[in-house]
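Since the structure comes first, as C-alpha cells, the remarks are kept for the end.
Proteins get letters first, then strands, A, B, ... in listed order; numbering begins at 1 in each. In this text the structure is predicted, and so the values were computed from the model without any measurement.
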Number of protein chains: 2
Amino acid sequence: MEYNEKQLAIINSAEKLFALNGFDGASVRDIAHEACVNLAMISYYFGSKEKLMEAVFEQRTTKIRLKVENLIQDTSIGNLEKVNILIDDYVDKFIHQQEFHKIMLREQLIEKNTPIAALIHELKKKNMESIKKLVMDGQKSGEFKKNIDVTLMMSTLVGTVSNIITCQSFYREMNNLENMTEIEFQKHVRKKLSTHLKNIFKSILTNEG
Amino acid sequence: MEYNEKQLAIINSAEKLFALNGFDGASVRDIAHEACVNLAMISYYFGSKEKLMEAVFEQRTTKIRLKVENLIQDTSIGNLEKVNILIDDYVDKFIHQQEFHKIMLREQLIEKNTPIAALIHELKKKNMESIKKLVMDGQKSGEFKKNIDVTLMMSTLVGTVSNIITCQSFYREMNNLENMTEIEFQKHVRKKLSTHLKNIFKSILTNEG
DNA sequence: AATAATTAATCAAACGTTTGTTTAGTTTTA
DNA sequence: TAAAACTAAACAAACGTTTGATTAATTATT
C-alpha cells in the first residue's frame with residue numbers, strides 16, 4: 001500500500017498513541033490532533049479506527065520479518081554464529097521499533113481472533129519455523145546438542161528483550177543510568193542484551209565447558 | 001481491607017475483564033453483569049472504576065510478594081538452591097494468577113505515574129533488592145561468579161515466563177499440545193519452565209563445567 | 001489556452017452510542 | 001426505625017462515525 005504524507009502522519013501518530021494508551025485508550029480525536037489533521041480524515045482515509053490499526057500493522061510488519069531465510073542459506077557462517085546474528089537482529093528491531101512492539105505485546109494479551117491477531121500469529125509462526133530449521137541444521141552438524149525446546153528458547157529471547165524495553169526506566173533506575181541520554185542508553189542496552197542473550201543461547205544450544 | 005461476598009465478586013470479575021480487554025476496554029457495565037450485581041454497586045462500594053482497579057491490585061499484591069525475605073535467612077539451604085526455589089515460586093505465582101499478571105503487563109506499558117504504576121514499581125523494587133542481596137551472598141560464599149547483572153537476569157526470568165503465559169495457545173500449537181486439558185498443560189509448562197530457567201540461571205550464576 | 005465538469009481533499013458540525021457516575025427512591029437488615 | 005444495601009432511571013461527557021458544504025486539484029471539452 002502507498003500512503004501520502006498525511007496518511008503517514010496519521011499512521012505514525014496512531015502508532016505512538018496506541019503504544020502509549022492502548023487501542024481503546026487512544027481516541028481518534030487525539031490521534032487526529034497529534035497528526036495535525038482534521039478528525040474526519042481518519043475515516044476518510046482509513047474507513048475506521050480498527051482499519052487504521054490494521055494499516056499501522058501492515059505498514060510495520062513488512063519490515064519486521066527477521067532475515068532468517070537468507071541467513072540459513074549462507075554456508076560460510078557457522079550455525080552458532082547465525083544464531084548470534086539473529087539475536088542482534090532481533091534486539092535491534094525491538095529497540096528501534098519500540099512503539100510498534102508495545103502495540104504487539106498489548107495485542108497479544110487479547111485472546112480474540114481479530115485480523116491483527118492473525119497477522120501476529122502468522123509472523124511468529126514463520127519466524128519459529130525458520131529458527132527450528134536453523135537449530136536442526138546445527139544439530140545435524142554436531143554444533144548443537146539434542147533435545148532443544150526451540151519454543152522455550154525463543155520465549156527467553158523475546159521475553160527478555162520485551163521486558164527490558166517495557167521496563168526501561170526501571171532498568172535505568174536499578175543500574176543508576178538515569179543521566180544517560182536516550183541514545184547512549186539504547187547503545188548500552190543493546191550491548192548488554194546482546195552479550196547476555198548470546199551467553200544464554202550458547203549454554204542452551206552447545207555443550208561448551 | 002475486608003470485602004464482602006459481593007465486593008469480591010466485583011473484584012474477581014474486574015480482574016478477569018481488565019485482563020482480557022484492558023482497563024478502557026472493559027466497561028463497568030460488563031463488569032457488573034459478569035459479577036451479577038447492579039451497575040451502581042461498583043460506584044457504591046469502590047467509588048470509581050479507577051478505584052476498583054486499585055482494589056484489584058491491593059487484593060492481589062498482598063499475596064504476590066516473593067518469599068525472598070524469609071528464604072534469605074535460612075542458613076540450611078545453599079544459595080543456588082535458594083535461587084531454584086525462587087524460580088519455582090515465581091513460575092507458580094505467574095501460572096496461578098495469570099489474569100492479574102496480564103493486567104500488570106498491560107499496566108507497565110503505560111508510562112504514566114498512576115497510583116497503580118507506583119504500586120508495581122514498589123513491588124518490583126523490593127523484590128529486586130532482595131534478589132540482589134541473595135546474589136551477593138552467593139558471591140561472598142564463592143558459589144556464584146562475579147560481575148552478574150541481576151536486572152538483566154531477572155528480566156530473563158520475568159520475560160520468559162510472561163511470554164510463555166501470554167502466548168500459551170501459540171506454545172500449545174508449536175508443540176502439538178492442543179489436546180491437553182488446561183490442568184495437564186499447566187503442569188507441563190510449569191515443569192518445562194522450571195528446568196529451562198534453572199539451567200539458564202545456573203549458567204549465568206556459576207562456573208559450572 | 002480557456003473554460004467547464006469532475007474528482008479529491010478538507011472542514012466544522014452534528015449524529016447516535018456508549019461511557020462512568022449520580023440521583024432519588026425502594027427494599028432489606030439489624 | 002434508622003442505617004445499609006440495592007435498584008432503575010437519568011446524567012453529562014466522550015466516543016467513533018457521518019454529513020453536507022467548501023475548497024483545491026485534475027481531467028475533459030471547446
*Roughly, in whole Å, what's the span from CD1 in Ile31(B) to C1' in dT21(C)?*
14 Å

*Are there more than 12 heavy atoms of other residues, nucleotides or ligands under 6.0 Å from atom NZ of Lys16(B)?*
no

*Starting at atom NE2 of His33(B), determine the distance to atom C1' of dA8(D), rounded to an integer number of angstrom.*
16 Å

_Gln59(A) versus Glu15(A), side-chain donor and acceptor atoms under 3.5 Å_ = no

_Donor-acceptor pair between Thr160(B) and His196(B) side chains, under 3.5 angstrom_ = no

*So which nucleotide from dT19(C), dA5(D), dC11(C) ends up closest to the side chain of Arg29(B)?*
dT19(C)

_Whole angstrom value for the distance that separates P of dT26(D) from CG of Asn4(A)_ = 12 Å

*Across the strands shown, which category fits Ala26(B) at heavy-atom distances under 4.0 angstrom: base, sugar-phosphate, nothing?*
sugar-phosphate

_Option from Val161(B), Leu193(B), Thr166(B), Asn163(B) for which side chain to side chain contact (heavy atoms under 4.5 Å, CB included) with Ser155(A) holds_ = Asn163(B)

*Do the numbers put Lys124(A) on top of the ring of Phe170(B), so that NZ or CZ is under 6.0 Å from the six-membered ring centre and no more than 45° off the axis?*
yes

*In terms of the nearest nucleotide of DNA chain C, which residue is placed more toward the 5' end: Tyr44(A) or Gly25(B)?*
Tyr44(A)

*Take the protein atom CD1 of Ile10(B) and the nucleotide atom P of dT21(C), then report the distance between them rounded to whole Å.*
13 Å

*Roughly how many Å is it from CG in Leu39(A) to C1' in dT17(D), rounded to a whole number?*
8 Å

*Nucleotide nearest Asn38(A) when distance is taken to its side chain, options dA12(C), dA13(C), dT21(C)*: dA12(C)

*For Phe46(B), which contact category applies under a 4.0 Å heavy-atom criterion: base, sugar-phosphate, or nothing?*
nothing

*Whole-Å gap separating P (dG16(D)) and CG (Asp24(A))*: 9 Å

*Check every strand shown and say whether Ile42(B) touches a base, only sugar-phosphate, or nothing at a heavy-atom separation below 4.0 Å.*
nothing

*When you measure from the side chain of Lys49(A), which nucleotide among dG16(D), dA12(C), dT22(C) comes out closest?*
dG16(D)

*Quickly work out the Lys51(B) NZ to dG20(C) P distance and round it to whole Å.*
16 Å

*Atom-pair distance (CG on Leu52(B); P on dT19(C)), nearest Å*: 15 Å

_Candidate nucleotides dC6(D), dA13(C), dA9(C), ranked by approach to the side chain of Tyr45(B) - the nearest_ = dC6(D)

*For Lys6(B) and for Ser27(A), find the nucleotide of DNA chain D with the closest heavy atom, then tell me which residue's nucleotide is more 5'.*
Lys6(B)

